Enquirer: 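My questions all concern the structure below.
Counting begins at 1 with the first residue of the sequence. Please read these numbers as outputs of a predicted model, since none were measured by experiment.
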Amino acid sequence: MSVSMTDSGEIATPVESSKSAMTWGPIFGGAAAAIGVTLILLLLGSGVGLTMVSPWSGQSSSLGTVGVTAAIWLVVVQWLSSGLGGYITGRLRTKWAAVHTDEVFFRDTAHGFISWALATIFVAGFLASSLTSLAGAGAQAVGSAATAAGTAASSTASTSDLPTAYFTDALLRPEQARAGATSDDTAATAEVSRILLNGAAAGQIPDDDKAYLATIVSARTGLSEADARTRVDTVLKRIDDAKVAAQKAADEARKAASTTALLGALSLLIGAFIASAAAAFGGSQRDEEEDLIVTPRI
């Protein structure tokens with residue numbers, strides 16, 4: 001507290017209130033209202049969003065559409081919940097007597113912002129807890145699937161042994177591959193699987209492997225060498241198409257996640273602004289009616 005001296009030699013001490021400019025009661029009340037409305041709207045949005053996903057092919061919305069729709073709904077949720085919470089915060093606070101209107105406006109906006117921040121932190125923690133539970137369930141399912149896949153793979157060859165097994169097959173390929181493929185179906189099937197897996201890992205299948213696959217297919221199916229080579233090329237093209245489709249789906253998921261994150265950040269900024277503005281509006285309505293104390297003249 002600074003002390004100054006007037007021209008007449010008198011000491012002037014500034015008047016400062018002993019009460020804090022922050023009132024926590026209205027802040028917690030507005031935050032609680034915002035949290036309740038947010039949870040209700042999120043549950044409502046989840047119920048509506050489930051209708052956008054269908055197990056039937058061609059009847060579900062695209063991943064990008066679902067992501068953008070969810071982000072837009074988050075903006076609506078922030079708009080409604082932050083507006084209500086900020087307004088309640090402004091209306092519930094006590095009137096600040098002998099305070100300049102500019103200072104009152106700043107305090108109201110600050111109270112609305114703090115109320116929004118508390119509600120956002122609580123909702124974020126709630127969502128994080130829910131997502132953690134879902135992630136745990138998903139990890140358990142993935143672990144079960146991995147165990148089953150490992151059990152199935154153990155009957156042929158382990159993934160770590162795949163490169164060695166592939167090159168071993170290349171070294172020991174018989175000159176007359178047709179006879180070997182006809183006599184031992186299990187070995188031929190396992191060798192074809194290793195060739196395909198190695199091609200998937202390398203990104204392409206060498207021409208000698210394609211010719212060898214055509215020989216095995218011809219021996220197993222009775223097709224001519226030309227028809228067998230055509231079948232091999234057709235299957236390999238289907239594998240490439242599936243790989244391209246998977247990459248396209250991953251790219252669409254990345255774009256949808258990026259769009260959702262940007263719109264989510266925008267929704268939070270909108271929520272902070274609306275909560276502050278609503279608190280200032282509620283506070284101004286609170287101060288419209290002045291209560292005057294009439295003191296009788298002595």
Side-chain angles (χ1 to χ4, degrees), residues 1-8 10-42 44-45 70-129 259-295:
M1 180 181 296
S2 60
V3 179
S4 60
M5 182 174 295
T6 63
D7 296 337
S8 59
E10 297 175 342
I11 298 177
T13 302
V15 178
E16 184 173 353
S17 176
S18 59
K19 297 182 179 181
S20 174
M22 182 178 297
T23 307
W24 283 105
I27 291 176
F28 285 128
I35 291 171
V37 174
T38 299
L39 294 180
I40 292 174
L41 293 178
L42 286 179
L44 178 62
I72 293 176
W73 181 247
L74 287 178
V75 174
V76 175
V77 170
Q78 281 288 315
W79 190 296
L80 296 177
S81 62
S82 300
L84 178 63
Y87 181 78
I88 291 178
T89 300
R91 288 300 299 267
L92 291 182
R93 57 94 173 163
T94 56
K95 182 178 180 179
W96 292 300
V99 178
H100 195 276
T101 55
D102 292 341
E103 179 65 19
V104 172
F105 177 79
F106 173 79
R107 292 184 183 182
D108 281 333
T109 56
H111 278 62
F113 179 80
I114 296 173
S115 175
W116 165 85
L118 289 177
T120 302
I121 292 174
F122 179 87
V123 173
F126 173 79
L127 293 179
S129 177
T259 302
T260 303
L262 291 176
L263 291 179
L266 178 62
S267 70
L268 292 178
L269 292 176
I270 292 175
F273 173 78
I274 291 178
S276 301
F281 178 70
S284 65
Q285 286 190 333
R286 165 66 178 78
D287 295 339
E288 283 181 356
E289 299 292 335
E290 293 185 349
D291 295 330
L292 302 178
I293 299 177
V294 178
T295 303

Enquirer: Which heavy atom of Ser115 sits nearest to which heavy atom of Ala31, and what is that distance?
Expert: OG-N, 2.9 Å

Enquirer: Counting C-beta onward and ignoring hydrogens, is there a side-chain heavy-atom pair between Phe281 and Asp108 closer than 4.5 Å?
Expert: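 Contact flag for Phe281/Asp108 side chains = no.
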
Enquirer: Sequence neighbours left out, what passes salt bridge (charged side-chain N to carboxylate O under 4.0 Å, His left out) with Arg91? Give chain and number order.
Expert: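 Listed in chain order: nothing, the list is empty.
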
Enquirer: With a 3.5 Å distance limit and no angle check, can you tell me whether Arg93 reaches the backbone of Gly283 through a side-chain donor-acceptor pair?
Expert: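 Between the backbone of Gly283 and the side chain of Arg93 there is a qualifying donor-acceptor contact (under 3.5 Å).
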
Enquirer: Please tabulate, for side-chain N and O atoms in residues 272-280, each donor-acceptor pair with protein atoms closer than 3.5 Å (sequence neighbours left out).
Expert:
residue: Ser276; atom: OG; partner: Thr109; partner atom: O; Å: 3.4
residue: Ser276; atom: OG; partner: Ala272; partner atom: O; Å: 3.0

Enquirer: Which heavy atom of Leu268 sits nearest to which heavy atom of Trp116, and what is that distance?
Expert: O-CZ2, 3.2 Å

Enquirer: For the OG1 atom of Thr120 and the CZ atom of Phe113, what is their distance to the nearest 0.5 Å?
Expert: 8.5 Å

Enquirer: Roughly how far, to the nearest 0.5 Å, is the OG1 atom of Thr38 from the CG atom of Leu84?
Expert: 9.5 Å

Enquirer: Going through the distances and angles, do Phe28 and Leu92 end up as a side chain to side chain contact (heavy atoms under 4.5 Å, CB included)?
Expert: CA-CA 10 Å; Phe28 285 128; Leu92 291 182; over 6 Å; no

Enquirer: Write down the atom of Thr89, the atom of Gly85, and the distance for their closest heavy-atom approach.
Expert: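 Closest pair (atom of Thr89, atom of Gly85, distance): OG1-O, 2.8 Å.
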
Enquirer: Nearest heavy-atom pair of Leu41 and Trp73: which atoms, and what distance?
Expert: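 Where Leu41 meets Trp73 most closely, the heavy atoms are O-NE1, 3.0 Å.
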
